[in-house]
Visitor: 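After the structure tokens below, expect a handful of questions from me.
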Amino acid sequence: MKNHLFYLLPKSETVFLTNTDSFNQAYNMFVITNYTALPVINKKGQYVGTICEGDLLRVLSLSLTHPEIDLDSFEIKDIDFKINLEVARINESYEHLVELAVKQNFIPLVDDQGIFIGILRRQELIKELINFLEDKVAEQETG
């Protein structure tokens, strides 16, 4: 099997938000990308969580009943994230990554200081697993 870093979508190519982005910035990013969840990092570059569309809908609903909530100044760090994706470190085993991929669409990857370096997408891990299994079957048929 290939090293899972081969499948890493690096931070430079990953859509993410910072925890100081406003509600409106987050909303616009969801509209533009059509994603349902996005990683969130702090100013130091550390992964702090994953925000989903439902998190924004809860804030929007709250703002409708509480007019004092200004969505232009409401920051992501003020939102309670409802999903809790497990992160992985660079040296995680492929088997553990597949276990995580069963439960989540993407896996945030961080270094030893918790700095966000990118994501591993479920589809890429599954494709590699399928290739691995096909190779094993082919070996058994010819062996």
Side-chain angles (χ1 to χ4, degrees), residues 1-64 66 69-143:
M1 268 197 207
K2 296 178 185 171
N3 183 313
H4 61 272
L5 292 178
F6 180 78
Y7 300 106
L8 173 71
L9 186 62
K11 179 181 174 182
S12 61
E13 298 175 25
T14 302
V15 177
F16 62 90
L17 296 165
T18 62
N19 63 348
T20 56
D21 287 339
S22 71
F23 172 91
N24 287 334
Q25 289 170 309
Y27 174 82
N28 289 333
M29 189 59 71
F30 277 102
V31 169
I32 291 167
T33 63
N34 211 25
Y35 293 152
T36 58
L38 293 170
V40 179
I41 64 171
N42 63 20
K43 287 188 179 214
K44 294 179 182 177
Q46 297 168 315
Y47 173 80
V48 295
T50 297
I51 188 169
C52 67
E53 291 174 315
D55 298 329
L56 293 180
L57 288 174
R58 278 187 293 283
V59 171
L60 180 59
S61 176
L62 188 61
S63 74
L64 295 174
H66 292 84
I69 296 176
D70 177 17
L71 295 181
D72 288 327
S73 62
F74 199 91
E75 295 182 342
I76 291 176
K77 65 183 172 190
D78 300 321
I79 298 174
D80 182 27
F81 304 150
K82 293 298 180 190
I83 60 173
N84 186 19
L85 294 188
E86 286 189 52
V87 300
R89 301 224 183 272
I90 296 170
N91 58 353
E92 294 284 352
S93 70
Y94 182 80
E95 292 77 14
H96 181 68
L97 294 172
V98 170
E99 288 173 15
L100 292 177
V102 167
K103 300 179 277 183
Q104 52 198 65
N105 290 333
F106 67 89
I107 303 162
L109 202 64
V110 298
D111 68 12
D112 291 335
Q113 285 76 42
I115 302 296
F116 178 71
I117 59 174
I119 63 171
L120 296 171
R121 295 180 290 194
R122 176 191 292 171
Q123 64 189 13
E124 300 300 328
L125 293 170
I126 291 172
K127 286 178 189 175
E128 176 59 20
L129 182 58
I130 290 169
N131 290 338
F132 174 77
L133 294 173
E134 287 173 346
D135 291 346
K136 285 292 184 188
V137 168
E139 284 176 19
Q140 290 177 350
E141 290 174 352
T142 59

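Nothing fancy with the numbering, it's 1 onward along the sequence.
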Visitor: Taking only residues two or more places apart in sequence, or in another chain, which ones meet Glu86 in a side chain to side chain donor-acceptor pair (under 3.5 Å)?
Guide: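 Checked Glu86 against side chain to side chain donor-acceptor pair (under 3.5 Å); matches are Lys103.
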Visitor: When rounded to the nearest 0.5 angstrom, what is the spacing between CD1 in Ile117 and OG in Ser12?
Guide: 11.5 Å
Visitor: Less than 4.5 Å apart, any side-chain heavy atom of Ile119 and any of Leu8?
Guide: no
Visitor: With sequence neighbours left out, write down each residue that passes side chain to side chain donor-acceptor pair (under 3.5 Å) with Asn105, or none if nothing qualifies.
Guide: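 For Asn105 the side chain to side chain donor-acceptor pair (under 3.5 Å) partners, ignoring immediate neighbours, are Arg122.
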Visitor: Which salt bridge (charged side-chain N to carboxylate O under 4.0 Å, His left out) pairs, counting each pair once, include a residue from residues 43-52, with sequence neighbours left out?
Guide: none
Visitor: For residues 108-115, which side-chain N or O atoms pair as donor and acceptor with protein atoms under 3.5 Å away, sequence neighbours left out?
Guide:
from	atom 1	to	atom 2	distance (Å)
Asp111	OD1	Gln113	N	2.9
Asp111	OD1	Gly114	N	3.2
Asp111	OD1	Ile115	N	2.9

Visitor: Dump the intermediate steps for side-chain contact (heavy atoms from CB on, under 4.5 Å) on Phe81 and Ile76, then the final yes or no.
Guide: CA-CA 9 Å; Phe81 304 150; Ile76 291 176; 3.6 Å; yes
Visitor: Show me the pairs that pass salt bridge (charged side-chain N to carboxylate O under 4.0 Å, His left out) and involve residues 46-61, at least two apart or across chains.
Guide: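 Qualifying pairs: Asp55-Arg58.
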Visitor: Side chain of His96, backbone of Glu92: donor and acceptor closer than 3.5 Å?
Guide: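 No, His96 side chain to Glu92 backbone: no donor-acceptor pair under 3.5 Å.
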Visitor: Any heavy-atom pair between the side chains of Phe16 and Leu38 that's under 4.5 Å?
Guide: no
Visitor: I'd like to know if the side chain of Thr50 and the backbone of Pro39 have a donor-acceptor N/O pair within less than 3.5 Å.
Guide: no
Visitor: Tell me the closest heavy-atom pair linking Leu100 and Val87, and the distance in Å.
Guide: CD1-O, 4.3 Å
Visitor: Any idea which heavy atoms bring Phe30 and Ile51 closest together, and the distance?
Guide: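 That would be CZ-O, 3.5 Å.
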Visitor: Filter on salt bridge (charged side-chain N to carboxylate O under 4.0 Å, His left out), then keep only pairs touching residues 8-22, sequence neighbours left out; what's left?
Guide: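 Qualifying pairs, neighbours excluded: none.
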Visitor: Please name the pair of heavy atoms, one in Leu85 and one in Gln104, separated by the smallest distance, quoted to 0.1 Å.
Guide: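 Taking Leu85 first and Gln104 second, the nearest heavy atoms are CD2-CB, 3.4 Å.
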Visitor: Would you say Phe106 and Thr14 make side-chain contact, with heavy atoms under 4.5 Å?
Guide: no
Visitor: Val59: which residues meet the side chain to side chain contact (heavy atoms under 4.5 Å, CB included) condition with it, sequence neighbours left out?
Guide: Phe23, Leu71, Phe74, Ile79
Visitor: Sort and list the pairs that fulfil side chain to side chain donor-acceptor pair (under 3.5 Å) and have at least one residue in residues 76-85, not counting sequence neighbours.
Guide: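 As it turns out, the side chain to side chain donor-acceptor pair (under 3.5 Å) pairs with a partner in residues 76-85, which skip direct neighbours, are Glu75-Lys77, Asp80-Lys82.
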Visitor: Supply the atom-to-atom distance Glu99 CD to Ser93 OG, rounded to the nearest 0.5 angstrom.
Guide: 7.0 Å
Visitor: Indicate yes or no: at least one non-hydrogen side-chain atom of Leu97 is less than 4.5 angstrom from one of Ile107.
Guide: yes
Visitor: Is it true that a side-chain atom of Gln25 and a backbone atom of Ser22 form a donor plus acceptor pair closer than 3.5 Å?
Guide: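 Yes, the answer is positive, given that a donor and an acceptor are paired below the 3.5 Å cut-off.
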Visitor: In chain order, what residues pass the side chain to side chain donor-acceptor pair (under 3.5 Å) check against Gln46, with sequence neighbours excluded?
Guide: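 Here the qualifying residues are Asn42.
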Visitor: Are Glu124 and Arg121 ion-paired here, with the side-chain N under 4.0 Å from a carboxylate O?
Guide: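 Result for this pair is yes, salt bridge flagged.
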Visitor: Is there a donor-acceptor pair under 3.5 Å between the side chain of Tyr7 and the backbone N or O of Glu128?
Guide: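 Not confirmed, Tyr7 side chain does not pair with Glu128 backbone.
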Visitor: Mind checking what makes side chain to side chain contact (heavy atoms under 4.5 Å, CB included) contact with Thr33, not counting sequence neighbours?
Guide: Val15, Met29, Tyr35
Visitor: Between OG of Ser73 and CG of Asn24, what distance do you get to the nearest 0.5 Å?
Guide: 9.5 Å
Visitor: For Asn34, give me all partners under side chain to side chain contact (heavy atoms under 4.5 Å, CB included), at least two apart in sequence or on another chain.
Guide: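 Expected list: none.
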Visitor: Applying side chain to side chain contact (heavy atoms under 4.5 Å, CB included), name anything that partners Ile130, two or more places apart in sequence or on another chain.
Guide: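 With sequence neighbours excluded, Ile130 shows a side chain to side chain contact (heavy atoms under 4.5 Å, CB included) to Ile126, Glu134, given in chain and number order.
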